Amino acid sequence: MKKTILVTGGLGYIGSHTVIELIENGYEVVIVDSLVNSKLEVLNRLETITGVRPTFYEYDVRDEEGMEKIFSNHDIFAVIHFAGLKSVGESVQKPQLYYDNNIGSTEVLLKKMKEHGVHNIVFSSSATVYGQPERMPLYETDPIGNVTNPYAETKVKIEEMLEEISKNDPEFNPVILRYFNPIGAHKSGLIGEDPNGIPNNLMPYITQVAVGKLPMLSVFGNDYPTPDGTCIRDYIHVVDLAHGHLLALKKLEEKPGRVIYNLGTGVGTSVLELINAFMEANHVNIPYKIVGRRPGDLPQSYANADKAFREMGFKTKYTIVDSCRDSWNWQKKNPKGFDK
């Protein structure tokens, strides 16, 4: 009997790559997505890649009636919760929108899970919960909560909600995955990162410059206390990250209670190093200019991911060069993203 996994936000960037992993490993997948930050075309691409069209519901996770229908229609083993708004800059301008959406949707989801006896959830958290840390690399035991934007606050708050429930409900198993910086795309080039408007993340910005959609890349600051003066991040291939969710589901079979894992490579790469790697891997020139620092950017952030390796067998397979090649393959095949 196939286990059924409900994937919220399953047509988004990380969600869609995870859906492929799930289908290819014999899970039944049900997707709920409001299409606020994603495109219905992704469903067709998932079917092309896997040969299976996942069951899809177009609801906002805050829609209690819609969520009730999903939980009533399917015998769900676990939820993977990706759905949420994720732009740091937008969250500073519209904090209430982020609280309502990210926290509100999780409250409805947890309520429905409880009503239908679903005890397993994999939550997509973020390295932003560590705020402005005193040391690198970051460990799961490091303090969280001293954060600089409402987006990160919502992740901290949801982690706290999951902790609270697990204290009071011994059957509840939340696996919290703190992502670092996902880049890359599926090797088919059929799905990838397709942000609305000007990208907030570095890699789609680079690929949109490479494809001629944007004229030039802005590098925010070159006077940080790092070897080349630009910010350092832990860039992880999205397929490695997706595989981490598969391992988290296997972990849930042990009924582990609440567990937390960093998902990263453990290696920091600077902005300039990533730009140069992209140019070398793809033989494409990326014009860039140094501009002022962006408020709230940390000089560096990278993971210690030893715990995920010890307890789940999580290990990254793909290099920065692989990520650069796959990102470019996606963008050049889809210069306008999913919009034909």
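Numbers for residues simply follow the sequence, beginning at 1. Given the structure is predicted, the values throughout are model-derived calculations rather than measurements.
Within 6.0 Å of NZ in Lys255 there are 12 or fewer heavy atoms belonging to other residues, nucleotides or ligands. A 6.0 Å sphere centred on NZ of Lys39 holds more than 12 heavy atoms belonging to other residues, nucleotides or ligands. Other residues, nucleotides and ligands contribute over 12 non-hydrogen atoms within 6.0 Å of the CZ atom of Phe56.
Ser125 places no side-chain N or O within donor-acceptor distance of the main-chain N or O of Arg178, the cut-off being under 3.5 Å.
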- Query: Passes side chain to side chain contact (heavy atoms under 4.5 Å, CB included), Lys3 versus Glu28? Steps please.
  - Reply: CA-CA 6 Å; Lys3 288 192 170 79; Glu28 190 83 39; over 6 Å; no
- Message: Set out, in order, the CA-CA distance, both residues' side-chain angles and the distance that settles salt bridge (charged side-chain N to carboxylate O under 4.0 Å, His left out) for Asp142 and Arg135, then state yes or no.
- Response: CA-CA 9 Å; Asp142 287 345; Arg135 56 163 193 162; 2.4 Å; yes
- Task: May I have the step-by-step check of side chain to side chain contact (heavy atoms under 4.5 Å, CB included) for Tyr59 and Val32, ending in yes or no?
- Result: CA-CA 6 Å; Tyr59 294 128; Val32 58; 3.8 Å; yes
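Residues Leu274 and Ile198 share a single hydrophobic cluster, defined by chaining ILVMFWY side chains whose heavy atoms lie under 4.5 Å apart.
Taking a cutoff of 4.0 Å between a charged side-chain nitrogen and a carboxylate oxygen, Asp339 and Lys336 do not qualify as a salt bridge. Ionic pairing of Lys250 and Glu253 is not present here: no N-O contact between side-chain nitrogen and carboxylate oxygen is shorter than 4.0 angstrom.
Between Phe123 and His81, the ring planes lie tilted relative to each other; the angle falls in the 30° to 60° range. Between Tyr179 and Phe82, the ring planes are tilted. Angles from 30° to 60° get that label. His74 and Tyr57 have perpendicular rings, their planes meeting at more than 60° on a 0 to 90° scale where under 30° would count as parallel. Between Tyr13 and His17, the angle of the ring planes goes over 60°, which puts this pair in the perpendicular group of the 30/60° scheme.
Annotation: cation-pi pair Arg293/Tyr224 present, NZ/CZ under 6.0 Å from the ring centroid and within 45° of its normal. Relative to the six-membered ring of Tyr261, Lys307 meets both conditions, a distance below 6.0 Å and an angle of at most 45° to the axis.
Arg45 CZ to Thr50 OG1: the interatomic distance, rounded to the nearest 0.5 Å, is 13.5 Å. Here Glu153 contributes atom CD and Tyr98 contributes atom OH; the two are 13.0 Å apart, rounded to the nearest 0.5 Å.
In this structure, the side chains of Leu272 and Ile275 come closer than 4.5 Å at one or more pairs of heavy atoms.
Shown are Arg62, Met161, Lys157, Lys111; of these, the side chain to side chain contact (heavy atoms under 4.5 Å, CB included) with Thr106 is made only by Met161.
Between Tyr318 and His243, the distance from one ring center to the other does not fall under 6.0 angstrom.
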